[in-house]
Structure formats: structure tokens, C-alpha cells
Amino acid sequence: MFVSLRSAHQLLRLSRAVLCPCCPCLPTLNTWSSYIPEEIPGETSAEMGRKEADYDWKKSTDNIQEVFDFIEVLGSGAFSEVFMVKERKTGKLFAIKCVKKKNKRDINLENEIAVLRRIKHENVVGLEDLYESRTHYYLVMQLVSGGELFDRILDRGVYSEKDASLVIRQVLEGVNYLHKNGIVHRDLKPENLLYYSPDEESKIMISDFGLSKMEDKGIMSTACGTPGYVAPEVLAQKPYSKAVDCWSIGVITYIL
């Protein structure tokens, strides 16, 4: 079982390409540059974006290092970096995503923040705070330190049906919460399922809402996600619903 699981893991790692630009908190890997469709009119930026007035709750800072002590780099991309930080005032540890400001409005970032502000669940990585400087946005997130689901599986070598059911139950509870709040993740995969801590009995956390979407009329049309986990209707560029998350969970369950 260990050999077949490792082979599946390596194959799926190669399919980490996304069908449209996603949250750049991780280094960019292979991409399907030939399969990046234009935005379909059914999902306009007005639906995804948040008005500037909605940012009144964010905090301004001239120097983020006066607020947080930066400990180590957790990941980096073309437009952002993620660090483990310690809040100087409280001593608490967080993950902070530092996003460079663009010359034009960043609709994807606005959408991600809008989604994160609406959610709070024990199996979903949450947004703790938001800071803004002249050059960056800083998303202060819960720190999860247990690593990715598949990395844990490979370290253990064996994953029983009972172990798999415990993981999937937590994922289903988290996704059920998201769907009840009108949010579709659209990029569920083992790399986005993290263990909260290195403890053997640690809970699972759903992460990375860079491609998530707040439902309007329940129908979406933008082709996005990760090959290998994407539902057929998304690949076919047909209208789809929150059920695409259920397809992705089915693929993860099959792999486990």
C-alpha cells in the first residue's frame, strides 16, 4: 500500500498546475498555460470584489515589523511571501501573508479577504487580522504547523480505512460549514488540507481560499482548480455549483 500511495502522491504532485491564477503564497510550479480561459461574463468582478469602504476595518502601519517579529519564511511566490511571526504585544504566533500591492485593483485578493472574513470554524484556517502599508497588504492567519495531509501519510507509510474516515469526516464538516455560508472552495486537494499541529491526533484544517467564491445564484462558470481534482463540468467549461467541492472530496477519499 505504501508503494502505490507514494506513486499516486508523486503523480498528483505533478498535476499541481492550476487552471487559473490562484493565491500566490506558494512557489509557482508547472502550469497549464494553454488552459487559462478568459473570465466568463457569468462571474463579473463586481460580484467577486469588495467595495473599498469594506476595508474600513483593516489597520494601517508604516512598519509591520513594529507589530510582528518575523521568525522564518514559510513560502514565497511572485507577488507575496508567507512568514511565521510573533506578535510583539502578546507573544502569540501567526502566519502572515505579505502581498505586494498592484497598480490596479486586485479583485482576487479582495475576494479572498471577503471570504476569510466570513468564516470561523475549527477545521478551517481563519483570518485573524489585516494590515495595510503603502506597498503591501498583510493577512494575519492562524498558524498551522502539522504539515500537509499527504506528507503525514507518507511519513506513516500506512493509512487505514479508519484513519481515512476520520480525516474525511473533518473535511466534510468544514466544507458543509462553508457551503451553508454560501462559500465554494473550488480547489480542495491534499496540499490544501493541513494538520493543525505535529501531534498524532491533530485536527485537519482546510486552507488556501485564493480560488474560493461566494455564491450568488448558486451557479458559477469560471474554469479553475487543480487538474486531478477538478469536476468534469469545470473542465468542460460548463456552469457548475458547489457540488464541485464534493467531487474533489471524492477524489481525495479514493486516494486515501
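Computed from a predicted model, the values in this text were never measured in an experiment.
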Main-chain N/O of [Y] paired to [X] side chain as donor or acceptor, under 3.5 Å:
X    : Y    : result
N123 : M205 : no
Y229 : R186 : no
R88  : Q65  : yes
D69  : K86  : no
N192 : L188 : no

(request) Taking salt bridge (charged side-chain N to carboxylate O under 4.0 Å, His left out) as the test, write out the residues that go with E200, two or more places apart. (result) R156
(message) Can you tell whether the side chains of K97 and E112 come within less than 4.0 Å, N to carboxylate O?
(response) yes
What are the two closest heavy atoms between [X] and [Y], and how far apart are they?
X    : Y    : answer
S145 : S197 : OG-CA, 3.8 Å
S207 : V125 : CB-CG2, 3.9 Å
F68  : V140 : CZ-CG2, 3.8 Å
N111 : S212 : ND2-O, 2.6 Å
K242 : V184 : CB-CG2, 3.6 Å
I71  : V85  : CD1-C, 4.1 Å

(message) Hydrophobic cluster membership, with links at side-chain heavy-atom distances under 4.5 Å among I/L/V/M/F/W/Y: are Y131 and L93 in one?
(response) no
(request) Group every Ile, Leu, Val, Met, Phe, Trp and Tyr by side-chain heavy-atom contacts under 4.5 Å, then state whether Y177 and L127 land in the same group. (result) yes
(request) Supply the atom-to-atom distance E148 CD to L194 CG, rounded to the nearest 0.5 angstrom. (result) 6.5 Å
(message) So for atom CD, which belongs to E72, do other residues, nucleotides or ligands contribute more than 12 heavy atoms lying within a distance under 6.0 Å?
(response) yes
(request) Could you point out which residue of K102, R117, R105 forms a salt bridge (charged side-chain N to carboxylate O under 4.0 Å, His left out) with E110? (result) R105
(message) With a 4.5 Å cut-off on side-chain heavy atoms, are E128 and K92 touching?
(response) no
